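Single-structure report; data block below.
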Amino acid sequence: MSKKDTRMWGGRFNQPTDEFVQRFTASVAFDRRLAAADIAGSLAHAAMIARIGVLSADELAAIEKGLDQIRSEIDGGSFEWSDALEDVHMNIEARLTALIGDAGKKLHTGRSRNDQVATDIRIYLRDEIADCRAGIRALQAGLLDLAEREADTIMPGFTHLQVAQPVTFGHHLLAWFEMLERDHSRFGDCARRLNQMPLGAAALAGTSYPIDRDFTASRLGFDAPCRNSIDAVSDRDFAIEFCAAAAICMTHLSRMAEELVLWSSAQFDFVRLPDRYCTGSSIMPQKKNPDVPELVRGKSGRVNGHLVSLLTLMKSQPLAYNKDNQEDKEPLFDTLDTLKGSLRAFADMAPAIEANRERMRAAARDGYATATDLADYLVKKGLPFRDAHEAVGGAVAYAIEQRKDLSELGLEELRQFDKRIDEDVFDVLSLDGSVGARDHFGGTAPAQVRKQVKAARKLIED
Ligand code: ARG
């Protein structure tokens with residue numbers, strides 16, 4: 001190549017980069033999302049190298065002013081991104097040099113894009129995790145309102161999707177709350193572990209300048225600098241860990257979505273979703289489709305996929321940095337967008353879910369849901385549990401034949417199955433008696449639901 005090469009690393013090259021290769025290797029179309037984090041990292045790095053005498057006070061001031069201007073250009077949409085400058089880091093650095101001249105060229109002293117990008121992603125993800133956790137809290141708050149409203153609402157609890165035992169709807173909703181509580185804590189663990197700073201690792205081996213990594217780390221809000229430079233530039237397990245936590249959280253949302261889809265069908269008719277979360281059909285005028293839960297259920301698939309992408313991306317990489325790692329960003333960003341969007345949609349929708357209390361109660365009544373209560377009743381009267389199970393099985397078969405619920409059988413009818421059965425059996429066979437009896441920590445009784453809602457409200461406020 002003739003004369004001076006304009007590429008930032010072009011010194012040793014004597015051929016221009018193939019035009020297609022330039023586009024193929026560029027990441028600026030997606031990594032520009034890291035711009036704010038990149039500028040924050042550069043400001044801290046500049047302050048540190050000024051402290052150790054690499055930059056004069058004037059040069060530092062020029063860099064700070066230049067980066068500030070770049071930030072407003074980016075925010076205002078006037079910044080010109082160029083594929084030829086490959087990535088967010090070189091786009092910003094080139095613009096800085098264009099704005100302030102030679103001082104801009106000194107910014108990269110004692111730094112490499114390898115430690116720079118690893119730092120940027122951590123800064124970016126740290127803030128995004130805080131958003132995800134706030135999104136979880138918002139959904140939890142909505143679920144608690146609904147659970148409190150439906151603390152006394154009786155519905156069938158299911159196993160194998162067959163009616164099992166009566167539960168309160170509030171209790172069922174609190175099960176969702178618990179899944180989200182663990183997600184919230186998982187994201188917290190992830191944020192804690194990722195909060196170590198790669199800067200100073202440079203390309204992989206560290207740098208010969210007398211850098212002060214503690215200074216940079218504390219400026220950037222990191223708990224400490226990464227202990228090993230080779231690990232610092234090559235590791236992306238914080239991104240994998242985030243995607244794993246996101247995949248679990250999306251799996252939870254998908255399970256909730258599945259229940260909402262089932263429950264809003266004409267066959268169940270347990271809940272009504274607000275119209276603004278549903279759409280109609282262009283051909284069938286009667287339809288009201290639960291689009292939002294369906295989409296959230298569907299979107300859990302791509303988040304699981306992104307987790308597998310990142311694991312596969314990492315699995316054969318030798319230490320230290322490899323360009324493969326540029327592929328970490330799109331799965332990570334899409335995971336964030338998908339998770340935050342899904343949480344937001346559910347948080348808005350949850351408090352507006354309307355329970356069809358009569359239908360829920362009727363479904364529990366029709367499903368012989370209190371059969372276990374009858375068995376427990378017989379056990380309390382001295383029958384061994386297995387015998388009680390057998391006797392109640394007979395009673396259920398009889399009731400099915402009579403097309404009646406257990407509570408609708410007469411005392412004499414019930415006594416055919418065991419003579420210990422008395423008038424007091426009807427307290428046990430009632431749905432309210434059944435759920436009210438499960439009045440222990442973690443149980444389904446309305447009183448317990450109210451206690452749990454109260455405790456949960458306190459938990460999410462802390
Ligand atoms: N765009 C690159 C990435 O996302 C930045 C680091 C590039 N480092 C390098 N030595 N080519 O990973």
Side-chain angles (χ1 to χ4, degrees), residues 5-13 15-18 20-42 44-45 70 74 79 81-97 105 107-126 128 194 196-207 220 226 228-243 306 309-336:
D5 197 303
T6 51
R7 295 170 297 181
M8 290 182 139
W9 36 254
R12 62 103 73 211
F13 287 77
Q15 242 190 356
T17 314
D18 179 274
F20 168 72
V21 170
Q22 192 171 77
R23 270 182 284 126
F24 188 71
T25 53
S27 55
V28 64
F30 49 86
D31 68 12
R32 65 177 71 168
R33 274 169 74 146
L34 299 174
D38 194 70
I39 290 171
S42 287
H45 178 71
I70 291 172
I74 293 172
F79 191 88
W81 297 100
S82 150
D83 260 3
L85 288 164
E86 214 176 302
D87 57 23
V88 60
H89 322 293
M90 291 197 290
N91 268 269
I92 290 176
E93 195 189 319
R95 177 68 184 144
L96 182 66
T97 301
K105 293 188 192 163
L107 173 62
H108 211 52
T109 315
R111 183 175 80 168
S112 151
R113 275 186 297 153
N114 296 352
D115 59 345
Q116 188 178 356
V117 69
T119 304
D120 289 2
I121 311 173
R122 289 179 194 233
I123 293 173
Y124 176 82
L125 189 53
R126 195 172 65 184
E128 291 287 320
L194 77 68
Q196 312 243 311
M197 184 196 70
L199 277 181
L204 80 163
T207 172
L220 290 171
C226 296
N228 181 295
S229 64
I230 297 173
D231 177 52
V233 291
S234 58
D235 154 62
R236 293 292 181 274
D237 67 6
F238 59 89
I240 298 177
E241 188 175 353
F242 170 77
C243 285
H306 294 325
S309 294
L310 288 192
L311 287 166
T312 313
L313 171 69
M314 252 5 257
K315 74 176 278 293
S316 305
Q317 282 192 50
L319 294 174
Y321 175 86
N322 302 282
K323 183 80 167 179
D324 310 41
N325 282 337
Q326 184 163 292
E327 287 289 305
D328 63 356
K329 290 168 199 63
E330 287 161 294
L332 180 64
F333 295 159
D334 188 67
T335 298
L336 278 164

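Counting convention: from 1, in listed order, for ligands and their atoms alike. Predicted model only: the values in this text are computed from it and were never measured. Below, all heavy atoms of this structure are taken into account, side chains as well, without hydrogens, waters or symmetry copies.
What sits closest to atom 5 (C) of ligand 1 on the protein, heavy atoms only, is Asp87 OD2, 3.5 Å. When hydrogens are left out, the protein atom nearest atom 11 (N) of ligand 1 is Arg113 NH2, 3.5 Å; that is the closest non-hydrogen contact. Shortest contact from atom 2 (C) of ligand 1 to any protein heavy atom: Gln326 OE1, 3.3 Å. Of the protein's non-hydrogen atoms, Lys329 NZ, 2.5 Å is the one closest to atom 4 (O) of ligand 1. Atom 8 (N) of ligand 1 has as its closest protein heavy atom Asn114 OD1, 2.9 Å.
The N/O atoms of Arg236, backbone and side chain alike, include none that comes under 3.5 Å of an N/O atom in ligand 1. At least one N or O atom of Tyr321, backbone or side chain, sits closer than 3.5 Å to an N or O atom of ligand 1.
A salt bridge between Lys315 and Asp324 is absent, with no side-chain N of the basic residue lying under 4.0 Å from a carboxylate O of the acidic one.
No donor-acceptor contact under 3.5 angstrom links the side chains of Gln22 and Asp83, judged on distance only. The closest side-chain donor-acceptor pair between Arg111 and Ser42 falls under 3.5 angstrom.
Within a 6.0 Å radius of CD in Gln317, more than 12 heavy atoms belonging to other residues, nucleotides or ligands are found.
Screening Lys329, Gln116, Arg113, Arg32 against Asp87 for a side chain to side chain contact (heavy atoms under 4.5 Å, CB included) leaves a single residue, Arg113.
Annotation: cation-pi pair Arg7/Phe13 present, NZ/CZ under 6.0 Å from the ring centroid and within 45° of its normal.
For ligand 1, the atoms lying closer than 4.0 Å to a non-hydrogen atom of Ser27 are 1 (N).
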